[in-house]
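Data block below; observations after.
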Amino acid sequence: MKKKMFVSIASFFCVGLLAAQEKQSTETPEQQAAKTEVWSPVPKKVDAAVKTSEPPADAYVLFNGKSLNEWVLTSHPDQMATWIINKDGSMMVNKNAGNIQTKKSFTDYQLHLEFKIPATITGEGQARGNSGLFLASTGSGDAGYEIQILDNYTNKTYVNGQCGSVYKQFPPLVNACRKAGEWQSYDIIWTAPRFNEDGSLKSPARVTVFQNGILVQNNTELKGETRWIGTPEYHKHGACPIKLQAHGDKSEPISFRNIWVREL
Ligand code: MG
């Protein structure tokens with residue numbers, strides 16, 4: 001009798017567990033991803049002053065408008081990046097080529113980068129000028145730590161996925177976006193995470209980000225690598241390339257210029 005009762009209780013829980021799994025598996029990736037979106041409070045809008053920043057004397061120049069020599073395809077790191085160099089000396093995302101990353105690997109650094117979302121941009125939410133700056137490319141695809149690039153001058157999306165966010169981790173302190181069609185800048189101080197021999201985390205990654213000269217991330221302590229679905233996690237790595245995202249959205253491709261880094 002006791003055994004019979006145990007069996008029926010056990011099967012009740014099994015059925016429950018299966019039902020829960022069943023429920024989970026019916027969710028689309030978009031529904032799963034929506035669980036880590038944050039929509040409020042919305043960062044205050046602050047207008048930026050106009051300024052560009054030339055590389056200082058000790059900077060390592062990653063892109064100066066002439067060639068993509070410092071960049072390779074993330075999918076084939078033995079092949080040179082095949083993004084497009086525009087006549088004005090900027091480089092434009094080639095969505096067919098996918099993400100690109102630096103040949104060189106970095107640990108801690110100061111970085112300057114400028115980007116322009118085309119004035120003709122269309123789309124909404126995450127599909128409006130989406131790209132991204134991965135401060136350490138820890139693997140193929142979108143593996144790493146992403147500072148979001150997106151047109152959020154007026155475009156609404158979840159705040160932990162808007163421009164200036166540590167994607168799906170921390171919204172920007174304010175919305176420092178300029179209008180599409182205007183050049184914008186990121187100035188970043190990146191402190192890479194450190195790991196113990198056994199792979200456990202010794203110290204988390206930290207990032208300070210100025211967008212158009214306005215502080216949007218203040219020595220933010222990252223929770224781990226960027227995840228579109230699920231929660232961020234750390235995995236042991238050393239020095240890594242810096243990566244730029246060719247996002248799969250259908251909106252017009254964005255451009256970059258004046259990219260340099262100072263190793264710390
Ligand atoms: Mg992105």
Side-chain angles (χ1 to χ4, degrees), residues 29-30 32-39 43 63 71 73-75 81 83 90-102 111 113-118 121-172 175-178 180 183-188 190 205 207 209 211-212 216-217 220 222-232 240-257 259:
E30 285 72 19
Q32 292 174 53
K35 289 178 178 168
T36 47
E37 295 172 2
V38 176
W39 287 79
F63 180 67
W71 300 84
L73 294 174
T74 299
S75 58
W83 283 14
S90 59
M91 66 160 148
M92 191 167 71
V93 175
N94 173 357
K95 295 200 185 197
N96 295 325
N99 295 351
I100 64 169
Q101 62 189 36
T102 55
L111 175 135
L113 167 151
E114 293 171 27
F115 62 93
K116 185 170 78 174
I117 292 159
I121 196 75
T122 56
E124 57 182 38
Q126 290 287 308
R128 188 179 170 88
N130 197 330
S131 180
L133 167 64
F134 288 85
L135 301 166
S137 173
T138 57
S140 61
D142 288 344
Y145 309 86
E146 184 184 11
I147 301 297
Q148 177 68 301
I149 294 176
L150 190 69
D151 177 25
N152 288 118
Y153 189 70
T154 55
N155 174 40
K156 195 175 173 187
T157 187
Y158 42 94
V159 296
N160 60 345
Q162 77 177 61
C163 200
S165 67
V166 177
Y167 184 73
K168 284 284 182 92
Q169 294 188 35
F170 300 97
N175 179 344
C177 291
R178 288 186 175 138
W183 281 101
Q184 307 196 50
S185 63
Y186 271 151
D187 285 281
I188 290 179
W190 170 247
V207 71
V209 180
Q211 184 182 356
N212 304 323
V216 291
Q217 297 290 339
T220 303
L222 275 73
K223 296 174 184 170
E225 292 189 32
T226 299
R227 291 275 178 277
W228 180 48
I229 294 172
T231 48
C240 290
I242 295 165
K243 177 162 66 185
L244 298 175
Q245 187 184 46
H247 191 269
D249 71 65
K250 302 267 188 303
S251 69
E252 295 73 2
I254 86 161
S255 296
F256 293 91
R257 73 177 184 191
I259 310 174

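Residue indices begin at 1 and follow the sequence shown. In each ligand, atom 1 is the first atom listed, and ligand 1 is the first ligand listed. Computed from a predicted model, the values in this text were never measured in an experiment.
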> So do Trp190 and Leu111 actually touch side chain to side chain, heavy atoms under 4.5 Å?
Replying inline: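 Result no, sub-4.5 Å side-chain heavy-atom pair not found.
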> Does the Arg128 side chain pair with the main chain of Ser251, one donor and one acceptor, at a distance under 3.5 Å?
Replying inline: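 Side chain of Arg128 to backbone of Ser251: no pair is present.
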> Out of curiosity, Asp249 CG to Lys95 NZ, how far, rounded to the nearest 0.5 Å?
Replying inline: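 Separation between the atoms: 3.5 Å.
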> So how far is it from Ile117 CD1 to Asp151 CG, rounded to the nearest 0.5 Å?
Replying inline: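 It comes to 4.5 Å.
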> Can you tell me the N, O or S atom of Glu146 that's nearest the Mg ion (ligand 1)?
Replying inline: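 Sorting the N, O and S atoms of Glu146 by distance to the Mg ion (ligand 1) puts OE2 first.
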> Closer than 2.8 Å to the Mg ion (ligand 1), do we get an N, O or S atom from Gln126, backbone or side chain?
Replying inline: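 No N, O or S atom of Gln126 is closer than 2.8 Å to the Mg ion (ligand 1), so no.
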>> Strictly under 2.8 Å, is the Mg ion (ligand 1) approached by any N, O or S atom of Tyr167?
In response: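 It does not; every qualifying atom lies at 2.8 Å or beyond.
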> How wide is the angle at the Mg ion (ligand 1) between OE1 of Gln148 and OD1 of Asn130, to the nearest 10°?
Replying inline: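 Between OE1 of Gln148 and OD1 of Asn130, at the Mg ion (ligand 1), the angle is about 80°.
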